[in-house]
Amino acid sequence: MKSDKFDFQVAQKLVEAVEQAASQIDVKNGQIEKKFNNLHQFFKDAGYDAFERDMSAADSSIEEIIRELHHISKAINMYAMRLQDEV
């Protein structure tokens, strides 16, 4: 029979998964930013200037996503700890 009780091990795995996702997104974002800058420097083409605003906006959005993922994992962890204290 399936239990509906909160599983603290599953909660911890979820926290780890969310943190790992945030870390991977951060790494990939840095790689994309580096490649974009390398291409801009290599070609020295003014055409890339038009994309700088878009890249900057994308970077800001991605950084916000990373902050939110950290916030979510912290909230899950705090919830699990609160439930564990009540048990």
Side-chain angles (χ1 to χ4, degrees):
M1 181 178 274
K2 187 177 177 180
S3 174
D4 289 336
K5 292 187 178 185
F6 188 84
D7 186 329
F8 298 103
Q9 291 176 338
V10 173
Q12 186 58 39
K13 288 179 183 178
L14 179 58
V15 168
E16 290 170 7
V18 172
E19 284 295 323
Q20 185 178 30
S23 178
Q24 289 174 350
I25 291 170
D26 191 28
V27 168
K28 291 295 182 186
N29 186 46
Q31 291 171 346
I32 291 170
E33 185 177 18
K34 183 177 179 181
K35 288 178 182 180
F36 178 80
N37 289 331
N38 288 345
L39 285 171
H40 190 242
Q41 292 300 317
F42 180 76
F43 288 112
K44 297 187 189 308
D45 184 352
Y48 278 91
D49 295 342
F51 296 113
E52 282 190 63
R53 280 189 299 254
D54 292 335
M55 290 299 288
S56 179
D59 184 56
S60 294
S61 295
I62 291 169
E63 287 177 4
E64 179 62 25
I65 290 167
I66 293 167
R67 280 191 295 276
E68 288 298 320
L69 287 171
H70 288 304
H71 178 74
I72 290 166
S73 70
K74 183 178 177 182
I76 293 167
N77 193 44
M78 288 173 59
Y79 176 69
M81 288 172 43
R82 189 176 78 227
L83 287 178
Q84 191 170 25
D85 288 344
E86 292 175 4
V87 173

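Predicted model only: the values in this text are computed from it and were never measured.
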*Measuring from Q20:CD to I25:CD1, what's the distance to the nearest 0.5 Å?*
11.0 Å
*asked:* What's the separation between atom CD1 in I65 and atom CG in D26, rounded to the nearest 0.5 Å?
replied: 11.5 Å
*Taking everything shown except Q9 itself, do over 12 heavy atoms lie less than 6.0 Å from its CD?*
no
*To the nearest 0.5 angstrom, please state how far the CD atom of Q31 sits from the NZ atom of K28.*
4.5 Å
*For the side chain of S56 and the backbone of E52, is there at least one donor-acceptor N/O pair under 3.5 Å apart?*
no
*Counting only N and O atoms by type, is there a donor-acceptor contact under 3.5 Å from the side chain of N37 to the main-chain atoms of E33?*
yes
*Check whether F42 and I32 end up in the same hydrophobic cluster, where Ile, Leu, Val, Met, Phe, Trp and Tyr are linked by side-chain heavy atoms less than 4.5 Å apart.*
yes
_Would the distance check show the side chain of S23 and the main-chain N or O of E19 forming a donor-acceptor pair, the cut-off being under 3.5 Å?_
no
*Measure the spacing between CE of M78 and CZ of R82 and express it to the nearest 0.5 Å.*
8.0 Å
*If you round to the nearest 0.5 Å, how far is CG of L69 from CD of Q24?*
11.0 Å
*Which pairs count as salt bridge (Lys or Arg N to Asp or Glu O under 4.0 Å) when at least one residue sits in residues 55-74, sequence neighbours excluded?*
E64-R67
*Are V15 and I66 co-members of a hydrophobic cluster defined by side-chain heavy atoms under 4.5 Å apart?*
yes
*If you look only at pairs with a residue in residues 66-87, which of them pass as a ring pair (Phe, Tyr, Trp, His ring centres under 6.0 Å), with sequence neighbours excluded?*
F6-Y79
*Measure the acute angle between the ring planes of Y48 and F43, then classify it against the limits of 30° and 60° as parallel, tilted or perpendicular.*
parallel
*How far does CZ of F8 sit from CD of Q84, to the nearest 0.5 angstrom?*
5.0 Å
